Amino acid sequence: MRSGKRVLALGFKEIPAEVLAQNKTGLPREYCESELSFAGLLVYDCPLKDDTAKCISQLQASQHQVVIVTGDNPLTACDVAKQLRICERPHQKMLILQVDQPDDVRAISWKPIKSAHSADNIPFSIAEVDKLESEYDLIVSGGALAWLEEVECLSEPKMYHDMMMKLCPLIKVFARVVPRQKEKILAALKSSGLNTLMCGDGTNDVGALKQADVGVSIINSPEMEKKLKKKRELISKRLEQRKMTLSTVDRLRLELQAMEQDERERGVSMIQLGDASIASPFTSRTTSISSTVHIVLQGRCTLVTTIQMYKILALNCLISAYSLTVLYLYGVKQGDTQATIAGLLIAVLFMMLSYSTPLEALSDQRPTSRIFCAPVGVSLIGQFVVHFAALLSVLDMTKPFIQADAEEMAPDADFKPNVINTAVFILGLCMQVNVFFVNYRGHPFMQSLWENKSMQRLLAFTWSLSVLLSLDISPDLGELFELVPLPSEAYRNKLVTILLLDTLFSALVEYGVRQFLE
C-alpha cells in the first residue's frame, strides 16, 4: 500500500489432531509456516498527535525548514510528510533515492513513488540535484546513503562529506536511516552553514542529538500522557465553570505543575539511563513536539532582550560619561539625590525589561543574530549623535548663565545646584527614558511596550516629570531634586523643545535601522 500505513498479511493452517498428538514436543517451524491459507491483511495506522500539524505549520511559517529523519519505511515517512505539508507536491512529483535492486549495489536512482517501472527512474547525479529539487520533493533512503559512502566514495571519504553537504539541505525526508547516518546528516547540515534543532525520543537518536546545535529529547510515556490529558480536561472544566481564560503560557505552566505532581506521586524519575535525554540539553516531559516552538520563541525573546540591554548599556554609558565630563570641566558636581534617582531609575527599568515575555506565535521575521553587526552599530552611533547634539545644544545655551568665579565651581567645593547642573540633569533624565523607549524591541518577538504596563507607565511618568521640571511648574518639586529655577521662559521653552527633538530623532534613527538594515 502507498498511503504510508503498516500492513501485515495474516494466514492460517489447519493441523490435524493426530499430528499434534504425535508431536507433543512441538512441530517444526517450517511445517507450521508452509501451505498457509490467506486470511486477510491487517492495516495499522498511527495517527498524528493533535498539535503536531500546528507546530510544524508554525515552524514553516517562521521561515524554518522542517526535515524528517527516521528509521521508518520511506512510504510511511512520505505519508507523514504529506500530512504535515513538509512535502506539498503531489505523489507524481515525489522521488525516492534508492538502490536499483536490493541485491545489486552497482547504482542508485531516483524512483517516483507512484511508478513501479524502472523506465521512469532518473539516474543519480549530484550535479543535477539542484534542478530536481526545483521540480520534485526529494526523499533519500538509508540504503542510498550507504551506497554513496561504501561504493561511490569509498576511496575518498572527504568526497562523501562534500556530497552530503550539497545533498542534505535539499532533501525533505530521510527514511530507513541508521543512527550513524542520522548523525552524519546533522553534521552535513551544520557544515553547509545551517543551524539545526533535532527532536528525538530514543537511544538511536543520541548521536544526532549531540551533533545538532539544539537537541530536544522527547520522553515517550503513554501512561503519563493519559494522566495529563485527564488533568488538562479537569483544569479546563474548572476554568469554564469559573468563566476564566488563560493564555497559552499559563496553560503550559499548569501542565508542567501537573506533570511534576504526577512525578512526585509515582516516586520515580521519568528519565532513565539510555534515554535520548542523556545527550540533549533540553528534555520535553510530554510526547508533543510543541517544546520546539517554545524553545524558538524563548530563544528569540532572550536574544532580542540581550541585544537591547547591550545597546541600552552602551548608550547610557556614553551619555553619562559625556554629561559628567561637562559637569567636571565647569566645576559642577552631581548631587547625591540626583545620582540616587538616576541609578534607581535605570535599575528598575532593567528589571522591568527582563520581565518581558515571548509572544505565543512565531514570526517569519528573524532577530539580529549577533551584537557586532551593522544594524546594531549604526543604531548606536546614530542615537549617540542625536543625544550628543542635544547635550551640546543645552551646554551652548547655558554658557551665558555660568558664573566661573562662583564658590560652587571650585573642584573641591561642596555640591551646590546651579543652572548647568539643573539643565544637564533634566536632559539626562529624559535621555535615559528615550534610550529605553527607543530600543525596546517588542513585537514580533516579545510583548510590546504597551503590553508591559509597568514599564510603560514608569517611562511615561519619568518623561513627563522631565518636562515638568523643565517648565518650573512646581518650585518644591525642583528643590526635591536639588535643582534651581531656570533663567527665563525662553530658556525653558528651548529646553523642552530639545527634549522633544531628542525623543523624536532618536526614535527615527532606530526606526530607519529596523526598516532598511535588518
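Since this is a predicted model, take the numbers as computed values, not measurements.
- Sorted by first and then second residue, the side-chain hydrogen bond (donor to acceptor under 3.5 Å, both in side chains) pairs involving residues 473-493 (not counting sequence neighbours) are Thr398-Tyr491.
- Side-chain polar atoms of Ser448 and Tyr440 form no donor-acceptor pair below 3.5 angstrom.
- For Arg180 and Glu183, the salt-bridge test fails: no basic side-chain N is under 4.0 Å from an acidic carboxylate O.
- The neighbour count for Phe437 CZ, taken as heavy atoms of other residues, nucleotides or ligands under 6.0 Å away, does not exceed 12.
- Residues Asn421 and Gln338 have side chains that bring a donor and an acceptor to within less than 3.5 angstrom of each other.
- Side chain of Ser280 to backbone of Phe282: a donor-acceptor contact under 3.5 angstrom is found.
- One finds a salt bridge joining Lys311 and Glu510 here, because a Lys/Arg side-chain nitrogen approaches an Asp/Glu carboxylate oxygen to under 4.0 Å.
- Using a cut-off of 4.0 Å between Lys/Arg side-chain N and Asp/Glu carboxylate O, Lys158 and Asp162 are scored as salt-bridged.
- Between Ile498 and Ser470 there is no side-chain heavy-atom pair separated by less than 4.5 Å.
- Thr462 has its side chain out of reach of Leu349: every pair of non-hydrogen atoms, C-beta onward, lies at least 4.5 Å apart.
- Judged purely by atom type and a 3.5 angstrom limit, Ser464 uses its side chain to pair as donor or acceptor with the backbone of Ala460.
- When the shell of 6.0 Å around CZ of Arg514 is examined, it contains more than 12 heavy atoms from other residues, nucleotides or ligands.
- Within a 6.0 Å sphere centred on CZ of Phe401, heavy atoms belonging to other residues, nucleotides or ligands number more than 12.
- In the model, Asp51 has a side-chain atom that pairs as donor or acceptor with a side-chain atom of Ser288 under 3.5 Å.
- By the neighbour-count criterion of 12 heavy atoms within 6.0 Å, atom NZ of Lys210 is sparsely surrounded, having that number or fewer from other residues, nucleotides or ligands.
- Among Leu197, Ile218, Val214, the one residue that satisfies the side chain to side chain contact (heavy atoms under 4.5 Å, CB included) test with Thr292 is Leu197.
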Contacts table for residues 423-430: side-chain donor-acceptor under 3.5 angstrom, sequence neighbours left out:
none

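- Between the side chain of Thr305 and the backbone N or O of Cys301, at least one donor-acceptor pair lies under 3.5 Å.
- Around the OH atom of Tyr310, the shell of radius 6.0 Å holds no more than 12 heavy atoms that belong to other residues, nucleotides or ligands.
- Judged by distance alone, with hydrogens and angles left aside, the side-chain atoms of Thr422 form a donor-acceptor pair with the main-chain N or O of Val484 at under 3.5 Å.
- Between the side chain of Asn439 and the backbone N or O of Val435, at least one donor-acceptor pair lies under 3.5 Å.
- Enclosure of atom CG in Asp336 is not indicated, since only 12 or fewer non-hydrogen atoms of other residues, nucleotides or ligands lie within 6.0 angstrom.
- Residues His387 and Ser506 form a side-chain contact, since some pair of their non-hydrogen atoms from C-beta on lies under 4.5 Å apart.
- The main-chain N or O of Ala212 is never found under 3.5 Å from a side-chain atom of Lys190 such that the two would form a donor-acceptor pair.
- Under the 3.5 Å distance criterion, the side-chain polar atoms of Ser379 are left unmatched by any main-chain donor or acceptor of Pro375.
- Within a 6.0 Å radius of NZ in Lys54, other residues, nucleotides and ligands contribute 12 heavy atoms or fewer.
- With sequence neighbours excluded, no residue forms a side-chain hydrogen bond (donor to acceptor under 3.5 Å, both in side chains) with Asn195.
- The main-chain N or O of Thr196 is found under 3.5 Å from a side-chain atom of Asp213 such that the two form a donor-acceptor pair.
- A donor-acceptor pair is defined here as one N or O able to donate and one able to accept, closer than 3.5 Å; no such pair exists between the side chain of Arg366 and the backbone of Arg300.
- Counting heavy atoms from C-beta outward, Phe174 and Gln181 have side chains that stay 4.5 Å or more apart.
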